[in-house]
Amino acid sequence: MTHHSWFTPWVLVAPAAVWLFVFSVWPAINTVVLAFTNAKPLGGGHFTGLANFERALSDAQLVDALVNSIVFMLVCLPLLTMLPLLIAILVEKKLPGITFFRTAFYTPVVASAVVVALIWGWLLDDRGLINGLAQWLGVVTTPVPFLTERWLLLFSAISLTVWKGLGYYMIIYLSALGNVRRELHEAAAVDGAGPVRRFWSVTVPGVRNTMLLVSVLVSVSALRVFSELYVLSNGTGGPGGRDMSLVMLIQLYGRGFTGHLGYASALSLLLLVVTVGPMLALLRLNRKAA
């Protein structure tokens, strides 16, 4: 029997532990420290207490970014929790050609977010396909400002996020639907329950834990949205910069040689608080439902 030294397991996990510390733990700790300083990229700065957080209270751009991120989450949450479930129920059925539809729904997931956003930008542009077609059909006389009006730009980005996320969450639901017992559906059908009744009484309770997981994933990704709004607005954050998300605002303040790393770090902590809130609320609702 081979004798292993007590430090052998530690040697094996050391590379992963070092990687985790250098690229995850230390940056997180450093962000908390920087949030209480006026640090710049080329200078360490000094301790300023709660000055960055006081500045955040009077930052009009931050208010807009918070509103945008919360609206993003509130719209995406119900759509990306229920629509993928309905699609998963449809594509789960063994019908001729259903493999094509499964692939079609999942294709946007594997495509680059930036590339997809660029394509949507071309479609929604004033001289893009959608406006051109609408004007040709006489539906509108002037181009619809999908990318130049604050709320239209925000909801265009939301539409892109929903479209791109449908396939990803559909796959998660497909794995969960496989665990819902067929006997329950058959028993409900014998009792006279129609498809809608079976959906609410059998399918939804059977995938409730998965719905909670999807809800948390959707909430977090919606609050941390970046690529969609950045590309559709060409990096400007929309008219007057009013369509910035929290992540875009952090990137704006933290980039370049004159970036305000301290303030960007304070905004990162705020993003953490805003992200954790919905997660705790959803977990609490799930416990009450259970």
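What you see is a predicted model; the values in this text were computed from it and never measured. Below, each value reflects all heavy atoms present in this structure, side chains not excepted, and no hydrogens, waters or symmetry copies.
- Applying the salt bridge (charged side-chain N to carboxylate O under 4.0 Å, His left out) definition to pairs two or more places apart or across chains, those involving residues 232-253 are Asp64-Arg242.
- The distance from atom OH of Tyr263 to atom CZ of Phe53, rounded to the nearest 0.5 Å, is 10.0 Å.
- Residues Phe199 and Val196 form no side-chain contact, since every pair of their non-hydrogen atoms from C-beta on lies 4.5 Å or further apart.
- Residues Val225 and Tyr230 form no side-chain contact, since every pair of their non-hydrogen atoms from C-beta on lies 4.5 Å or further apart.
- In this structure, the side chain of Asn68 engages the main chain of Met244 through a donor-acceptor pair within 3.5 Å.
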*Dump the intermediate steps for side-chain contact (heavy atoms from CB on, under 4.5 Å) on Leu90 and Phe105, then the final yes or no.*
CA-CA 12 Å; Leu90 290 175; Phe105 281 123; over 6 Å; no
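- No side-chain heavy atom of Ile172 sits under 4.5 Å from any side-chain heavy atom of Pro84.
- Between the CG atom in Leu123 and the CG atom in Leu118 there is a gap of 11.0 Å [rounded to 0.5 Å].
- To the nearest 0.5 Å, atoms CD1 (Ile250) and CG (Leu62) are separated by 9.0 Å.
- The cluster map of Ile, Leu, Val, Met, Phe, Trp and Tyr, joined by side-chain heavy atoms under 4.5 Å apart, puts Phe226 and Val67 in the same cluster.
- Heavy-atom neighbours of Arg55 CZ from other residues, nucleotides or ligands within 6.0 Å: above the threshold of 12.
- By the criterion of side-chain heavy atoms lying less than 4.5 angstrom apart, applied directly or through intervening Ile, Leu, Val, Met, Phe, Trp or Tyr residues, Val218 is grouped together with Val204 in one hydrophobic cluster.
- Hydrophobic clustering (ILVMFWY, side-chain heavy atoms < 4.5 Å, transitive): Phe36 and Tyr253 are in distinct clusters.
- Taking CE of Met73 as the reference point, atom OG1 of Thr275 lies at 9.5 Å (rounded to 0.5 Å).
- Between Ser233 and Gly237, the shortest heavy-atom distance links the atoms OG-N, 3.1 Å.
- The CG atom of Asn30 sits 4.5 Å away from atom CG of Leu34, with the distance rounded to the nearest 0.5 Å.
- Contact check for Pro143 versus Gln135: side-chain heavy atoms found under the 4.5 Å cut-off.
- Residues Ser215 and Leu77 are in side-chain contact: their nearest non-hydrogen atoms beyond the backbone lie under 4.5 Å apart.
- Between the Lys164 side chain and the Ala117 main chain, no donor and acceptor come within less than 3.5 Å of each other.
- Listed here is the closest heavy atom pair of Glu92 and Gly178: OE2-N, 4.2 Å.
- Transitive grouping of hydrophobic side chains (ILVMFWY, heavy atoms separated by less than 4.5 Å) keeps Leu271 and Leu269 in distinct clusters.
- In this structure, the side chains of Phe146 and Asn131 come closer than 4.5 Å at one or more pairs of heavy atoms.
- Proximity of a side-chain donor or acceptor of Tyr173 to a complementary backbone N or O of Thr81 within less than 3.5 Å is detected.
- Using a 4.5 Å cut-off on side-chain heavy atoms (C-beta onward), His46 and Asn38 make contact.
- With contacts defined as side-chain heavy-atom distances shorter than 4.5 Å, the pair Cys76/Val162 qualifies.
- Val214 approaches Leu80 most closely through the heavy-atom pair CG1-O, 3.5 Å.
- Looking at Asn52, its side chain does come within 3.5 Å of a backbone N or O of Thr37 through a donor-acceptor pair.
- When hydrophobic clusters are built by joining Ile, Leu, Val, Met, Phe, Trp and Tyr residues whose side-chain heavy atoms come closer than 4.5 Å, directly or via intermediates, Leu272 is not grouped with Leu66.
- With sequence neighbours left out, Phe21 forms a ring-ring contact (aromatic ring centres under 6.0 Å, His included) with no residue at all.
- No more than 12 heavy atoms of other residues, nucleotides or ligands sit less than 6.0 Å from atom OH of Tyr168.
- Note that the CE atom of Met170 and the CG atom of Leu85 stand 12.0 Å from one another [nearest 0.5 Å].
- Across all their heavy atoms, Ser245 and Leu229 have their closest contact at CB-CD1, 3.9 Å.
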